[in-house]
Number of protein chains: 4
Amino acid sequence: MTSSKKPDKYYAILEGALKVFAENGYHKSQVSRIAKEAGVADGTIYLYFKKKEDILTSLFQEKLGELVVKFNEGIHEQMTAKESLRRVCEIHYSELENNVHLAYVTQIELRQSDLGLRKEIGQALKRYIAFIENILERGKQDGSFHPDTDVKLVRLLIFGAMDEVVTSWLISGRKYSLTEQVGKTINFFLKGIEA
Amino acid sequence: MTSSKKPDKYYAILEGALKVFAENGYHKSQVSRIAKEAGVADGTIYLYFKKKEDILTSLFQEKLGELVVKFNEGIHEQMTAKESLRRVCEIHYSELENNVHLAYVTQIELRQSDLGLRKEIGQALKRYIAFIENILERGKQDGSFHPDTDVKLVRLLIFGAMDEVVTSWLISGRKYSLTEQVGKTINFFLKGIEA
Amino acid sequence: MTSSKKPDKYYAILEGALKVFAENGYHKSQVSRIAKEAGVADGTIYLYFKKKEDILTSLFQEKLGELVVKFNEGIHEQMTAKESLRRVCEIHYSELENNVHLAYVTQIELRQSDLGLRKEIGQALKRYIAFIENILERGKQDGSFHPDTDVKLVRLLIFGAMDEVVTSWLISGRKYSLTEQVGKTINFFLKGIEA
Amino acid sequence: MTSSKKPDKYYAILEGALKVFAENGYHKSQVSRIAKEAGVADGTIYLYFKKKEDILTSLFQEKLGELVVKFNEGIHEQMTAKESLRRVCEIHYSELENNVHLAYVTQIELRQSDLGLRKEIGQALKRYIAFIENILERGKQDGSFHPDTDVKLVRLLIFGAMDEVVTSWLISGRKYSLTEQVGKTINFFLKGIEA
DNA sequence: GATGAATGAGAATTCATTCAT
DNA sequence: GATGAATGAATTCTCATTCAT
């Protein structure tokens, strides 16, 4: 399923980087540390990536690509918009809960310093974003969501909300179950807090 | 109002740092650059801050402190919970819209790599967080919010949602008005998207 | 004429190196760049040369060897010493004028940093040097040159003088004809500047 | 006499560099080695020079500047052109004979790889060159040199000739006296080799 | 308190060379 | 012989921090 044309070492390096970045953060991760983790020589990294930063962006592209694949597999057009949204939240929470390294990197590094890098990563998020917008649009059409829902804004609100929940869970030291938050999260999205 | 006992240079350095961090991000900002911006010698910085990181955390503490002051000034117990929530969102959006440097730093750098730093910054956010939780609690008591609202979770959802809206606005290049998003944002929080 | 027993690739590599060295200088020329220019794999180079430095020294040996062949072809014992000297200068200037890559490499790289390398290259120059000394000696014998001419010193003076003219012509961007300088050069050698 | 406004460390670094470059050649000289030789920290070098290359070019500028000062001190307008030329050669040979490090660096490194660097260094030579041209011009005026002497070409021939003598003396291991070559060198310049 | 010159640890990246195929 | 992917030693330069003045 994954773009499997790349050589093994490419992926080995990305996996090494995922681990090292998660443990230390991008800036405190040395390339040589990643190389060791990947079981290759330092120089080998530069056969596959132009510069250190490229490792990070490639990592996001690959991993977010995999996430979109999961969404595609788990959500079908036959589902109602509400049900689809719940699945999105379920997959979002469970994937990150089951892949803590990825969670660290996306939550912490995705928010990394330079805006330039951030914009590039934003590109990788686009398909995810389109996915949510798609569901919202679908809900508006079939009447299950308010007709005056601002799709773009609500997509941000939903994404940001889930995002913060994951980050908070991480910072807390993952003391509770993330997937157990799905119900209340979706409830809030659907019903709001008004009594 | 703010802990105004600190000497002028302390604030001059923080203001310099705010500007420099906003322009380059924390990691790409040199201490000497901040010193120049603040009009002091490099070494002087170390009379007021133990290390570079301290500048960042102090900056958050000061700035978030100022934000809480604004909340305190703009929100009163007599207001309904709903109205209070709207004011929180208004202040949050307008303060950041009017202080772009601060917006950059909070949105981008608040998400700093190392978790250690992040936790420390989290402390500075606590009073803000308590503020929102307080409102939610108040709403539950007076019946305007669902009695089964999970205060802690919803506070995260709300905070994360607003946060993402601000970040998106920044990344977009601030092409639209942030404060104009208040209405729809609050509507979503209160009513959800269910028709 | 040339030691023509070497396989084609040997010469292909030398020609590639000549071009690459001329363009970038020895130190800034990568072996892989030479390989590409020669149309062989990086590793192949090491089948013909022990190390990068060997490419440079072999290049000099081959090219200076070719130059000596030209001298042998163009200068005959029947010529007077003066005429022979003029031919040396003619060949020296015209060969380098017609082979700019070679000119760059000899003028610039012949003056390579490490003395060790330089000495080795000096070996390759020996036959050229002997050629000039031979002419000077001949001139002394037949009375056309001062009997107290210090052959070794004058050979250096002549060689250095021509060398500097070529280098200067190169550095100037080859804006004028080098061969047109032959007359005045030889005049100076023969008559000096004294009125 | 030297541009004495630069701080001591600037000169200390240049002296260190002179020694290290002479011993190893530019490319094989590490910045840290120069720093140690100069008695400063590695980083200090970068307070005075932008990059490693700048050390080399500055070195030439300073040293050639000093040489020109010596010329100015040793040669006066009252001297005949011939006498002046002899003094140039004397100073050239004796200065380099007495400053072997400088000799190595000028003879070997002056001829360094990239043409760009070489051109820059050429600038530093300009005053020296002008000096020789000046003498030749003077000789033409007062009739002691041929009226049809091509000043620019002859200047190159003279400079190149002396240069080669020095280089050869260096490569030979300085087995003989350089200054003793002055007489024959000047003789050749003035009278040529024609009997 | 204030300065800013000096420090030196630290890290990304390059590239000559090797060697399994 | 030929390949070119892999290696890893080597080196410049940056910049947070110190400290003598």
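By convention in this document, chain letters (A, B, ...) are assigned in the order of the sequence lines, proteins followed by strands, and residues within each chain are numbered from 1.
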When you compare the side chain of D54(C) with that of K51(C), does any pair of heavy atoms fall below 4.5 Å?
yes
I want to check something: taking the side chain as every heavy atom from C-beta on, are L18(B) and K63(B) in contact at a cut-off of under 4.5 Å?
yes
Give F49(A) one of three labels, base, sugar-phosphate or nothing, depending on what nucleic acid heavy atoms sit under 4.0 Å from its own.
nothing
Protein proximity profile, nucleotides 9-15 of chain F - base contact B, sugar-phosphate-only contact S, no contact -, cut-off 4.0 Å on heavy atoms:
--SSBBS
For dT14(F), which nucleotide in any strand shown is its Watson-Crick or wobble partner with both distances under 3.5 Å?
dA9(E)
Is any side-chain heavy atom of F49(A) less than 4.5 Å from a side-chain heavy atom of L14(A)?
yes
Counting only Watson-Crick pairs (N1-N3 plus N6-O4 or O6-N4) and G-U wobbles (N1-O2, O6-N3), all under 3.5 Å, who is the partner of dA20(F)?
dT3(E)
Using side-chain heavy atoms (C-beta onward) and a distance below 4.5 Å, is V100(A) in contact with L170(A)?
yes
Do the non-hydrogen side-chain atoms of Y26(D) and V105(D) ever get within less than 4.5 Å of each other?
no
Reading DNA chain E in the 5' to 3' direction, which nucleotide is the first one with an atom under 4.0 Å from a heavy atom of chain C, and which is the last?
dC15(E) to dT18(E)
Is K19(A) close to E15(A) at the side-chain level, that is, under 4.5 Å between some pair of heavy atoms?
no
Side chains of Y48(D) and I55(D), heavy atoms from C-beta outward: is any pair under 4.5 Å?
no
For a side chain to side chain contact (heavy atoms under 4.5 Å, CB included) with V20(C), tell me which candidate from R33(C), K36(C), H101(C) qualifies.
R33(C)
